[in-house]
K.L.:
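Have a look at this one.
Proteins come first, then strands; the chains are lettered A, B, ... in the order of their sequence lines, and each starts at number 1. Treat the numbers as computed from the prediction; the structure is a model and nothing was measured.
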2 protein chains.
Amino acid sequence: MTNTKVYLEIVKQLREMISADNLKSGDKIPSERELSERLNVGRSSVREALRALELLGLIETRRGEGTFIRDFRGNQLVQLLGTFILQDEKAKLDVIETKNLIEMDILWLVLKRADAKQLLKLKSLVESDQLTDDQFFYQLIELTDNYLFSRIWLILKDYHHSLSFKKVEYKRDSYLMLIEALVEKDEEKTLSAYRQLRNLSILTDKY
Amino acid sequence: MTNTKVYLEIVKQLREMISADNLKSGDKIPSERELSERLNVGRSSVREALRALELLGLIETRRGEGTFIRDFRGNQLVQLLGTFILQDEKAKLDVIETKNLIEMDILWLVLKRADAKQLLKLKSLVESDQLTDDQFFYQLIELTDNYLFSRIWLILKDYHHSLSFKKVEYKRDSYLMLIEALVEKDEEKTLSAYRQLRNLSILTDKY
DNA sequence: AAGATGGGTGTGGTCTGACCACTAAAAAAC
DNA sequence: GTTTTTTAGTGGTCAGACCACACCCATCTT
């Protein structure tokens, strides 16, 4: 009869419930026992649905308190997919290529949007040698004001890490030049600085 | 004591098991009851882990047969995240912006890699009016030879769809011009054609 | 009155045992 | 040898039982 598994049905119900009640991040959803009663299903089935959503990073669960909608930052998801996915060499190259292009997109957005004040603040951080390469770029992404890009980049970053490449060194001068170019809103110079940072020849045929 | 939830521990164990035994798509993993015994946990906990992985699309389950590793193409994942995620208006704008930039990256890659023959084949498809906008771009992405980009774009496409925008019309002439520019490997012309296709003013300050 | 204490209650976390529905392979019947 | 029946194994689901923890509130102490 019931072709669809119960837990999937519950996931669906939850989605509808959330959208119907217009629940947002941080809001609490009914308890497992209540859901079990309301939907006429066993508590274990409810739990299967909730655990799945939890692993996806969509909800958060606190013992003794309840289950809450989460401010999803595709975290766990990445770890998981990451180790499951990158198997062949081709995939690794794709990761690098994709990450580089996305980073250039990000630079473009920053160039168009960020004001000098923000960039100079970042500059001072770089000068005090307080940032890793990842942190440097994350700072830039935040200037982008595009959450989706930030998510994508975070995923790529983790992918990249899991490749266990030679550790990215901290090229202070390159960062500073990059910032300078961004402040000047000079597209050519920005790209050039980025290429140098990433050791990309001309970034044409190589990619 | 056990700070980490059991089901997460099981997920971890499964990953190690898979990588240790070098299991691939289609391979079978131990039954729920066997896992329960081997790991000294309750079957319900095993199920919570498996259901979560199933929702992620990493495994597949067939009643009466067993549980199998899956050829994951982030499917369900997208649907889920999609409806859960895009709540505010800002997110919608991010989707559009991100999709556009990614598409430009793709065009860049195609321009660098694809040969005329492939592009002309696509051209004939366009001329016979057999493609939707999505299909057109997917064809382009395939010329990119970057699976990761294809995954990202597919997700963005689904996000974009779930925004229920005015349907993207089929602009035959724009597609043809785009292809022409790609064949000529003319970056400026390509970008220009894309802007026209997407109705982007200058694609500078607007973003 | 103000603070500290300690149950009560509700919540998630986990385990166990019991069925059911289904599949595939082994055994039995032909 | 072929067909049918049985059987063992698997996922699907439920119900009930504890446990650990968080929070609230009446109670006790000061």
K.L.:
Find the distance B/Glu60:CD to D/dT10:C1' and express it as a whole number of Å.
P.N.:
15 Å
K.L.:
Looking at B/Thr67, I'd like to know whether one of its side-chain N or O atoms comes within less than 4.0 Å of OP1 or OP2 on D/dT10.
P.N.:
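Checking B/Thr67 against D/dT10: no side-chain N or O falls below 4.0 Å of OP1 or OP2.
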K.L.:
Hey, can you pull the residues of residues 38-50 of chain A with a non-hydrogen atom under 4.0 angstrom from DNA chain C?
P.N.:
A/Arg43, A/Arg47
K.L.:
A/Gln196 side chain to A/Ala193 main-chain N or O, any donor-acceptor pair under 3.5 Å?
P.N.:
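Between the backbone of A/Ala193 and the side chain of A/Gln196 there is no qualifying donor-acceptor contact (under 3.5 Å).
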K.L.:
Between A/Leu55 (CG) and C/dG12 (C1'), how many Å, whole number?
P.N.:
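Rounded to the whole Å, the gap is 17 Å.
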K.L.:
Is it the case that atom CD in A/Glu37 sees more than 12 heavy atoms from other parts of the structure closer than 6.0 Å?
P.N.:
no
K.L.:
Taking CG from A/Leu35 and P from C/dG10, how many angstroms apart are they, rounded to a whole number?
P.N.:
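The distance from CG of A/Leu35 to P of C/dG10 comes to 16 Å, rounded to the nearest Å.
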K.L.:
Give me the one residue out of A/Leu50, A/Leu8, A/Leu39, A/Ile10 that meets side chain to side chain contact (heavy atoms under 4.5 Å, CB included) with A/Ser45.
P.N.:
A/Ile10
K.L.:
Give me the ring orientation class for B/Phe136 and B/Tyr175: parallel if the planes are under 30° apart, tilted from 30 to 60°, perpendicular past 60°.
P.N.:
tilted
K.L.:
Can you tell me if the side-chain N/O atoms of A/Arg63 get under 4.0 Å from OP1 or OP2 in C/dG10?
P.N.:
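No, no such contact exists.
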K.L.:
Please check this pair: side chain of B/Asp115 against backbone of B/Gln118, looking for a donor-acceptor N/O pair closer than 3.5 Å.
P.N.:
yes
K.L.:
Roughly, in whole Å, what's the span from CZ in A/Arg62 to C1' in D/dA20?
P.N.:
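In whole Å, D/dA20 C1' and A/Arg62 CZ are 16 Å from each other.
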K.L.:
B/Glu54 has an atom CD; how far is it from atom P of D/dG12, in whole Å?
P.N.:
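Rounding to the nearest Å, CD of B/Glu54 and P of D/dG12 are 6 Å apart.
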K.L.:
For A/Lys185, I'd like to know if atom NZ has over 12 heavy atoms of other residues, nucleotides or ligands within 6.0 Å.
P.N.:
yes
K.L.:
Within this structure, what is the CZ-to-C1' distance between A/Arg33 and D/dA17, rounded to whole angstrom?
P.N.:
10 Å
K.L.:
Calculate the interatomic distance between B/Glu65 atom CD and D/dG12 atom P; express it in whole Å.
P.N.:
11 Å
K.L.:
Could you state the CD-P distance from B/Glu32 to C/dT23, rounded to the nearest angstrom?
P.N.:
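Rounded to whole Å, this separation is 16 Å.
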K.L.:
Starting the side chain at C-beta, find the nucleotide from D/dT13, C/dC15, C/dT11 nearest to A/Lys28.
P.N.:
C/dT11
